[in-house]
Student: 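Submitted below is the structure of interest, expressed as structure tokens.
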Amino acid sequence: QLQLVESGGGLVQPGGSLRLSCASSGFTFNYYAIGWFRQGPGKEREEISCIDTSGGSIKYADSVKGRFTVSRDNAKNTVYLQMNSLKPEDTAIYYCAAHFGTPACLGGYFGFWGQGTQVTVSS
């Protein structure tokens with residue numbers, strides 16, 4: 001059975017840090033580029049990052065560039081999202097998704113999604 005599970009969310013004060021994990025089971029994890037998305041209250045879903053199958057190419061949305069870092073450990077079937085210098089506007093449900101069709105974050109589509117993990121940034 002295919003599974004993607006996000007974890008690591010929680011409540012953090014502005015300026016703080018959280019590390020999210022996206023763990024997979026039931027498929028060959030290293031065959032897939034993994035995207036990170038978020039959806040804040042009253043906002044559209046936003047793609048914030050994508051990492052290719054090897055971890056050698058990563059893209060970030062301008063909204064998180066310089067503050068968030070994505071990495072992957074294929075041996076552990078896990079992709080990480082390190083979030084630093086968090087701001088209240090980072091409050092959202094964060095999702096990871098497997099990119100289908102190509103090993104890079106180009107073309108194809110995100111065809112399998114996790115359930116999301118809540119990140120709340122508030123003082």
Side-chain angles (χ1 to χ4, degrees):
Q1 296 182 355
L2 302 180
Q3 294 186 56
L4 276 177
V5 179
E6 303 92 338
S7 63
L11 175 65
V12 64
Q13 293 189 340
S17 298
L18 284 173
R19 189 192 195 195
L20 306 185
S21 297
C22 172
S24 68
S25 64
F27 62 96
T28 305
F29 180 77
N30 63 325
Y31 284 4
Y32 297 95
I34 300 294
W36 282 99
F37 299 78
R38 67 184 182 185
Q39 187 164 16
K43 298 180 179 179
E44 298 290 328
R45 187 178 65 196
E46 176 189 17
E47 182 180 344
I48 58 172
S49 188
C50 191
I51 184 168
D52 71 2
T53 55
S54 70
S57 181
I58 308 170
K59 66 177 183 179
Y60 298 97
D62 288 342
S63 58
V64 305
K65 193 174 298 181
R67 299 187 298 120
F68 292 10
T69 303
V70 176
S71 61
R72 70 188 297 158
D73 186 341
N74 286 338
K76 295 182 178 180
N77 290 343
T78 302
V79 167
Y80 303 98
L81 177 64
Q82 178 67 47
M83 305 186 295
N84 299 324
S85 302
L86 283 162
K87 305 173 181 179
E89 53 263 45
D90 295 319
T91 295
I93 301 173
Y94 284 72
Y95 301 89
C96 63
H99 187 262
F100 289 6
T102 76
C105 302
L106 298 169
Y109 65 101
F110 291 97
F112 194 76
W113 294 74
Q115 86 291 343
T117 186
Q118 177 70 49
V119 172
T120 302
V121 184
S122 176
S123 59

Student: Rounded to the nearest 0.5 Å, what separation is found between the CE atom of Met83 and the CZ atom of Arg67?
Tutor: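 Between atom CE of Met83 and atom CZ of Arg67 there are 9.5 Å.
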
Student: What pair of heavy atoms forms the shortest contact from Leu4 to Ser24, and how long is it?
Tutor: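 Taking Leu4 first and Ser24 second, the nearest heavy atoms are CD2-CB, 3.6 Å.
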
Student: Evaluate the side-chain proximity of Gln118 to Leu11: yes if any heavy-atom separation is below 4.5 Å, no if none is.
Tutor: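 Contact flag for Leu11/Gln118 side chains = no.
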
Student: Do Asn84 and Ser17 pair up side chain to side chain, a donor and an acceptor below 3.5 Å, judged on atom types alone?
Tutor: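 There is such a pair (donor and acceptor under 3.5 Å, judged by atom type) between the side chains of Asn84 and Ser17.
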
Student: Please name the pair of heavy atoms, one in Asn30 and one in Arg72, separated by the smallest distance, quoted to 0.1 Å.
Tutor: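 Nearest heavy atoms, Asn30 then Arg72: CA-NH2, 4.1 Å.
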
Student: Going by the ring-ring contact (aromatic ring centres under 6.0 Å, His included) test, which pairs reach into residues 84-105, not counting sequence neighbours?
Tutor: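 The answer is Tyr32-Phe100, His99-Phe110, Phe100-Tyr109.
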
Student: Atom CD1 in Ile58, atom CG in Asp52: separation rounded to 0.5 Å?
Tutor: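 Ile58 atom CD1 to Asp52 atom CG measures 7.5 Å (nearest 0.5 Å).
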
Student: Taking all heavy atoms of Thr78 and all of Ser21, pick out the closest pair and write down the distance.
Tutor: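 Heavy atoms of Thr78 and Ser21 come nearest at CG2-CB, 4.1 Å.
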
Student: What's the separation between atom OG1 in Thr69 and atom CZ in Arg19, rounded to the nearest 0.5 Å?
Tutor: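 So the OG1 of Thr69 and the CZ of Arg19 are separated by 11.0 Å.
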
Student: Rounded to the nearest 0.5 Å, how far apart are NZ of Lys65 and NZ of Lys59?
Tutor: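 Lys65 atom NZ to Lys59 atom NZ measures 10.5 Å (nearest 0.5 Å).
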
Student: Would you mind listing every ring-ring contact (aromatic ring centres under 6.0 Å, His included) that reaches into residues 59-80, with sequence neighbours excluded?
Tutor: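 As it turns out, there is no ring-ring contact (aromatic ring centres under 6.0 Å, His included) pair with a partner in residues 59-80 once direct neighbours are skipped.
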
Student: Just verifying a value: how many Å separate Asp62 CG and Ile48 CD1, rounded to the nearest 0.5 Å?
Tutor: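 It comes to 12.5 Å.
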
Student: Shortest non-hydrogen contact from Ser123 to Pro14?
Tutor: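 Of all heavy-atom pairs spanning Ser123 and Pro14, the closest is N-CD, 3.7 Å.
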
Student: With rounding to the nearest 0.5 angstrom, report the CD to OG1 distance, Gln13 to Thr120.
Tutor: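 Spacing of CD (Gln13) from OG1 (Thr120) equals 13.0 Å.
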
Student: Kindly state each residue pair satisfying salt bridge (Lys or Arg N to Asp or Glu O under 4.0 Å) with at least one member in residues 27-39, sequence neighbours excluded.
Tutor: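 Sorted result for residues 27-39: Arg38-Glu46, Arg38-Asp90.
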
